[in-house]
Amino acid sequence: MASDTTAAVPSPAPGGQEGTAPARARADERRSRRYRRDMRWSPYALIAPFFVFFAAFGLFPLLYTGWASLHQVELTSPNDMTWVGLRNFSRLLSDDFFWNALRNTVTIGILSTVPQLLIALGIAHLLNYKLRGSMFFRVAVLTPYATSVAAATLVFVLLFGRDYGMINWALGLIGFDHVDWQNGGWAPQFAVSTIVVWRWTGYNALIYLAAMQAVPPDLYESAALDGASRWQQFRHVTIPALRPTILFTAVVSTIGATQLFGEPLLFNGSAGATGGSDHQFQTLGLYLYEQGWVNLHLGRASAIAWAMFLILLLIGAVNWLVSRKLRKGMMS
């Protein structure tokens with residue numbers, strides 16, 4: 001009986017292990033193909049969401065705005081378009097309000113960009129030295145950037161109040177008459193510029209600080225051995241090393257000034273998008289808003305938007321030419 005039981009157990013088939021080798025090879029080949037496909041296509045899948053959102057919320061609005069700028073179309077009926085070609089753009093050339101908004105944008109941009117970058121450069125130079133509690137000061141200078149435009153503008157409206165504002169109170173102490181900051185000529189532009197300076201100075205200061213900390217300390221040591229003072233080190237070592245960074249912040253600040261909208265809109269709430277009783281601080285952004293969302297002329301607003309876009313392209317071209325010249329100067 002024992003011999004019968006032993007005989008009943010099936011013995012392994014000859015070459016059984018050899019028979020599984022092709023199956024393993026096929027499985028390995030499939031895994032290898034999947035791995036190669038994963039390595040090839042996974043990066044595209046990871047960056048695909050950005051391009052999807054960019055196409056939906058960046059590229060499509062840009063193209064649609066360009067198409068609308070060639071039509072007469074009202075916001076109340078955006079699907080009812082009448083082809084007018086370049087008439088919306090030609091009207092801008094003879095539109096006094098457009099040129100007024102462009103002049104105001106340039107003026108406010110200069111009044112806000114130049115002091116902003118100079119103050120940021122000075123603050124960064126101070127923070128670059130070893131100070132007690134330097135981290136606190138770095139966070140403090142960035143706090144205005146984290147403040148909302150609405151909150152900051154409303155506070156400055158109180159400061160620049162005609163009858164009870166702190167600025168006019170301080171001017172009265174030193175013998176000056178009260179200034180109508182919201183309805184004057186140059187005064188509203190100066191007041192709006194101070195809001196921009198207050199909000200963005202700390203942000204640019206941290207950018208300059210990061211660039212300063214990348215300057216090799218050997219340059220400062222060599223300048224100190226040659227007898228250079230701190231001011232001379234700042235002029236002849238820090239500033240030349242920061243030229244690309246200064247150019248970058250100047251271009252970014254100029255672009256931000258071109259798109260300025262929230263500060264002038266909220267500075268005089270009763271004026272709305274007109275930018276004062278005589279349009280004295282109406283920027284291109286406010287003029288676009290007035291044409292599109294107040295007057296409901298979507299075609300004209302689209303033409304203004306594309307005019308702003310062309311201005312930004314011009315700024316980018318100037319930035320490229322200047323940066324190219326700086327690189328050639330540094331290499332020579």
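Numbers for residues simply follow the sequence, beginning at 1.
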Is [Y] close to [X] at the side-chain level, that is, under 4.5 Å between some pair of heavy atoms?
X: L312; Y: T258; result: yes
X: L111; Y: I108; result: no
X: T201; Y: V141; result: no
X: N104; Y: Q189; result: yes
X: T283; Y: V192; result: no
X: L86; Y: L70; result: yes
X: W293; Y: L288; result: yes
X: F234; Y: L121; result: yes

How about [atom1] on [X], more than 12 heavy atoms from neighbouring residues, nucleotides or ligands closer than 6.0 Å, or not?
X: D177; atom1: CG; answer: no
X: F248; atom1: CZ; answer: no
X: F137; atom1: CZ; answer: no
X: W231; atom1: CH2; answer: no
X: R40; atom1: CZ; answer: no

Group every Ile, Leu, Val, Met, Phe, Trp and Tyr by side-chain heavy-atom contacts under 4.5 Å, then state whether [X] and [Y] land in the same group.
X: M308; Y: Y64; result: yes
X: L62; Y: V73; result: yes
X: L126; Y: V215; result: no
X: V322; Y: L313; result: yes
X: M166; Y: I195; result: yes

How are the rings of [X] and [Y] set relative to one another: parallel (under 30°), tilted (30 to 60°) or perpendicular (over 60°)?
X: F97; Y: H279; result: tilted
X: F160; Y: F267; result: perpendicular
X: F190; Y: W186; result: perpendicular

Straight-line distance of [X] [atom1] to [Y] [atom2], nearest 0.5 Å:
X: F98; Y: F89; atom1: CZ; atom2: CZ; value: 10.0 Å
X: D95; Y: L102; atom1: CG; atom2: CG; value: 11.5 Å
X: S148; Y: R199; atom1: OG; atom2: CZ; value: 7.5 Å
X: N100; Y: T105; atom1: CG; atom2: OG1; value: 9.0 Å
X: I315; Y: L310; atom1: CD1; atom2: CG; value: 11.5 Å
X: H125; Y: Y208; atom1: NE2; atom2: OH; value: 14.5 Å

Worksheet entry | side chain to side chain contact (heavy atoms under 4.5 Å, CB included) between L266 and V157, intermediate numbers included | CA-CA 9 Å; L266 298 174; V157 168; over 6 Å; no
Worksheet entry | Member of T194, N168, N268 meeting the side chain to side chain donor-acceptor pair (under 3.5 Å) criterion with W181 |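 When side chain to side chain donor-acceptor pair (under 3.5 Å) is applied between W181 and each of T194, N168, N268, only N168 qualifies.
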Under a 3.5 Å distance rule, please check whether [X] uses its side chain to pair with a backbone N or O of [Y] as donor and acceptor.
X: S94; Y: R91; answer: yes
X: E263; Y: V149; answer: no
X: Q213; Y: A210; answer: no
X: Q182; Y: G161; answer: no
X: S77; Y: N79; answer: no

Worksheet item: Does R300 have any salt bridge (Lys or Arg N to Asp or Glu O under 4.0 Å) partners at least two apart in sequence or in another chain, and if so, which?
Response: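 R300: no salt bridge (Lys or Arg N to Asp or Glu O under 4.0 Å) contacts found.
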Which pair of heavy atoms, one from [X] and one from [Y], lies closest together, and at what distance?
X: P188; Y: Q280; value: CG-CG, 4.0 Å
X: V84; Y: H71; value: CG2-C, 3.6 Å
X: N88; Y: S69; value: ND2-O, 2.9 Å
X: R138; Y: L127; value: NH2-O, 4.1 Å
X: I110; Y: P115; value: O-CD, 3.7 Å
X: D180; Y: A187; value: O-CB, 4.0 Å

Worksheet item: Which ring pair (Phe, Tyr, Trp, His ring centres under 6.0 Å) pairs, counting each pair once, include a residue from residues 139-159, with sequence neighbours left out?
Response: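 Listed once each, the pairs are Y145-W200, Y145-Y203, F156-W198.
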Item to complete: Decide yes or no on side chain to side chain contact (heavy atoms under 4.5 Å, CB included) for L265 and L286, but give the supporting numbers first.
Response: CA-CA 7 Å; L265 176 66; L286 279 185; 3.6 Å; yes
Item to complete: Verify ring-ring contact (aromatic ring centres under 6.0 Å, His included) between F309 and W306, making sure each step is shown before the conclusion.
Response: CA-CA 5 Å; F309 178 66; W306 264 82; 5.2 Å; yes
Fill in: Residue pair I167, V179: steps toward the side chain to side chain contact (heavy atoms under 4.5 Å, CB included) verdict
CA-CA 9 Å; I167 304 298; V179 178; over 6 Å; no
Item to complete: Go through the steps to decide whether E221 and D218 satisfy the test side chain to side chain contact (heavy atoms under 4.5 Å, CB included), and finish with yes or no.
Response: CA-CA 5 Å; E221 295 175 0; D218 299 341; 3.9 Å; yes
